[in-house]
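Single-structure report; data block below.
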Amino acid sequence: MNSASSQEQEMEFALSQALERGELELFFQPKGDLHNGRIAGAEALLRWRRGDSLVMPGHFIPLAEQSGLVVPIGAWVIDSACARLRAWADQGYSETRLAVNVSARQFSVGDLETVVSEALARHAINPGRLELELTESMLMDDPESAVIQLQRLKNLGIKLSLDDFGTGYSSFTYLSHFPIDTLKVDQSFVRHMVSNAKIAGIVAAIIGLAHKMHLHVVAEGVESEAQLAYLRRLGCDEIQGFFFSHPLPEAEYLALLGADKTLPGQPTVDAAERTLLLVDDESGILSALRRMLRYEGYRILIANNAAEGLELLALEAVQVVISDQRMPGLTGTEFLTRVKDMHPDCLRIILSGQADMASVIDAINDGAVYKFLTKPWDDEKLRERIREAFRFQAALASIKHTQ
Ligand code: C2E
Ligand code: MG
Ligand code: MG
């Protein structure tokens with residue numbers, strides 16, 4: 001016992017110096033977007049270069065947590081992550097996201113809000129590019145104050161995700177209160193999901209639950225093509241794991257980004273299956289929408305007014321239509337009321353800068369519109385809304401099909 005504890009002391013001392021000596025490093029593991037096959041971002045994973053060996057976090061994070069060293073180390077991780085995001089944006093990778101892990105101690109005493117806001121400001125980072133990965137166990141010590149603290153962090157504009165989901169408390173009460181964006185399905189589920197029907201059921205349920213709560217789902221620990229394909233079929237949003245890429249040193253990660261590495265087996269989109277019609281009289285809006293959707297894999301049709309829109313709908317099978325409200329000729333709601341009658345399977349969305357209440361109410365009560373969205377829009381949210389619309393449309397179509 002003595003020698004174990006003196007070894008521990010020695011390691012603690014060495015770790016306390018590791019920061020100053022610049023022995024800590026971040027590796028980056030890409031997350032692949034299952035909707036378009038591209039790299040969505042990465043998770044930063046800490047490594048300690050101690051002499052000739054590279055020490056993995058499992059060997060020193062528990063000690064750092066116990067001794068409190070995890071607080072300054074964690075602050076360094078957040079600052080370094082923001083520095084990398086800045087450097088990558090300067091090299092043209094301004095859309096990539098980076099997630100960092102937060103420890104329990106850091107969350108309870110580390111003044112995370114200040115650490116994060118200072119790092120964001122110091123490196124002039126778009127806060128939406130930074131994500132914190134938290135675990136349920138750290139939130140469940142004192143869930144009420146966790147909710148408040150999470151809300152403060154959210155107010156900075158960053159993203160929050162729940163790591164290792166399914167292995168901790170998985171309390172639905174708190175899940176509904178925590179202002180999080182993403183669930184990360186734990187690797188223990190992914191590992192067995194292809195062969196074990198119960199576990200496959202759990203993964204499918206987590207994905208369904210998350211989507212109902214408008215959360216994004218990332219599956220961790222994907223090691224095989226079968227797991228990847230299955231997760232894609234279940235509608236999972238992103239995957240991370242050795243099958244796509246191990247955690248990499250920065251230069252190698254950037255090489256993957258530069259090469260625009262894509263997920264294997266990304267299905268070529270069946271053009272007839274996912275067609276989106278955009279109707280707006282402003283060509284600037286049409287091109288901004290097109291640009292924002294360029295990697296989503298939809299076939300996009302555009303029309304400058306309702307009449308052109310109706311013509312295209314007659315010519316082509318369209319699953320989702322998004323229309324402006326104020327246009328010369330028919331208004332958006334008038335247009336979609338016609339679409340409802342003529343093409344009832346096509347899901348209808350209004351994207352409007354302004355709308356008079358009466359026409360909105362009528363359109364909704366008539367069942368002419370599925371969603372009413374406003375300009376200006378948030379790219380990520382709008383993309384998610386549109387994915388949701390395609391999922392919903394597909395579900396409706398399959399019900400009809402089986403009837
Ligand atoms: P985590 O946040 O759940 O990170 C995922 C871990 O799974 C990483 O291990 C990653 O290398 C590993 N992994 C990724 N894909 C696969 C796969 O396909 N199969 C398998 N078997 N494993 C895979 P790593 O880097 O050893 O990190 C372990 C844990 O240490 C992390 O779990 C996280 O909880 C913690 N950690 C890492 N970096 C930090 C940090 O900067 N701060 C804090 N507080 N904790 C960190
Ligand atoms: Mg993590
Ligand atoms: Mg995890």
Side-chain angles (χ1 to χ4, degrees), residues 18-19 21-61 64 73-74 76-103 119 123 125-126 129-133 159 161 163-164 182 184-187 190-191 216-225 227-228 231-232 236-266 295:
L19 245 187
R21 292 186 178 169
E23 293 171 355
L24 297 181
E25 265 176 47
L26 294 180
F27 271 45
F28 304 93
Q29 186 177 34
K31 299 179 185 179
D33 185 326
L34 287 169
H35 299 289
N36 57 28
R38 303 179 74 236
I39 296 174
E43 175 174 7
L45 294 159
L46 192 56
R47 302 290 183 259
W48 175 11
R49 205 168 280 286
R50 195 179 181 198
D52 290 337
S53 59
L54 196 62
V55 190
M56 302 297 278
H59 290 107
F60 64 89
I61 290 283
I73 290 176
W76 176 86
V77 170
I78 290 171
D79 190 72
S80 308
C82 288
R84 293 347 296 147
L85 276 171
R86 175 77 268 145
W88 299 345
D90 292 343
Q91 292 172 55
Y93 303 116
S94 55
E95 288 196 21
T96 192
R97 289 185 284 122
L98 187 57
V100 299
N101 292 282
V102 169
S103 82
H123 302 287
I125 300 302
N126 172 353
R129 301 283 163 242
L130 181 71
E131 186 169 340
L132 299 185
E133 295 194 1
K159 305 272 189 230
S161 68
D163 208 349
D164 308 337
T182 301
K184 292 191 79 178
V185 180
D186 190 66
Q187 8 184 311
V190 173
R191 191 167 304 132
H216 210 70
V217 195
V218 180
E220 298 190 87
V222 175
E223 292 182 352
S224 73
E225 182 153 26
Q227 291 163 351
L228 175 92
L231 286 159
R232 183 185 279 131
C236 185
D237 300 296
E238 286 174 29
I239 59 105
Q240 181 184 351
F242 296 165
F243 181 71
F244 185 45
S245 167
H246 280 255
L248 302 170
E250 179 177 11
E252 288 174 42
Y253 173 62
L254 287 180
L256 286 194
L257 271 185
D260 204 3
K261 176 174 166 136
T262 51
L263 287 174
Q266 190 62 26
Y295 299 121

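Along the sequence shown, the residues carry numbers beginning at 1.
- In plain terms, the two heavy atoms of Pro30 and Tyr253 that are nearest each other are CB-CE1, 3.8 Å.
- Proximity of Pro264 to Phe243: side-chain heavy atoms (C-beta onward) are separated by under 4.5 Å at one or more points.
- Distance check: Glu133 CD to Leu45 CG gives 8.0 Å after rounding to the nearest 0.5 Å.
- Using a 4.5 Å heavy-atom threshold, the side chains of Leu26 and Glu250 count as separate.
- Two residues are said to be in side-chain contact when any heavy atoms from C-beta on lie closer than 4.5 Å; Arg47 and Pro57 meet this criterion.
- Separation of atoms CD (Glu43) and CG (Leu98) is listed at 9.0 Å; rounding is to 0.5 Å.
- Looking at Arg129, its side chain does come within 3.5 Å of a backbone N or O of Ser94 through a donor-acceptor pair.
- Scanning both residues, Leu85 and Arg97, for their nearest heavy atoms gives CD2-C, 4.4 Å.
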Discussion item. Could you walk me through whether Val218 and Ser161 satisfy the side chain to side chain contact (heavy atoms under 4.5 Å, CB included) test, starting with their C-alpha distance in whole Å, then the side-chain angles of each, then the deciding distance to 0.1 Å, before giving a yes or no?
Written reply: CA-CA 9 Å; Val218 180; Ser161 68; over 6 Å; no
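- Side-chain contact between His59 and Arg50 is absent, with no heavy-atom pair separated by less than 4.5 Å.
- Between the side chain of Gln227 and the backbone N or O of Ser224, at least one donor-acceptor pair lies under 3.5 Å.
- What you find for Val222 and Leu228 is that their closest heavy atoms are CG1-N, 3.9 Å.
- With rounding to the nearest 0.5 angstrom, the CZ atom of Phe244 is 10.0 Å from the CD atom of Gln29.
- Looking only at side-chain heavy atoms (C-beta outward), Glu220 and Asp163 come within less than 4.5 Å of each other.
- Distance check, rounded to the nearest 0.5 Å: CD1 of Ile61 to CG of Leu46 gives 5.0 Å.
- Closest non-hydrogen pair, Ala81 versus Val100, comes out as CB-CG1, 3.4 Å.
- Between Val185 and Leu231 the shortest side-chain heavy-atom distance does not fall below 4.5 Å.
- Put simply, OH on Tyr295 and CG on Asp260 are 6.5 Å apart, with the number rounded to the nearest 0.5 Å.
- Proximity of Phe27 to Leu54: side-chain heavy atoms (C-beta onward) are separated by under 4.5 Å at one or more points.
- We find the NZ-CD distance between Lys184 and Glu238 to be 9.0 Å, quoted to the nearest 0.5 Å.
- In plain terms, the two heavy atoms of Ser245 and Leu256 that are nearest each other are OG-CD1, 3.9 Å.
- Closest of all the heavy-atom pairs between Asp33 and Ala40 is CB-CB, 4.1 Å.
- Within the 4.5 Å cutoff, no side-chain heavy atoms of Asp237 are placed close to those of Leu34.
- Under the 30°/60° scheme for interplanar angles, the aromatic rings of Phe28 and Trp88 are found to stand perpendicular.
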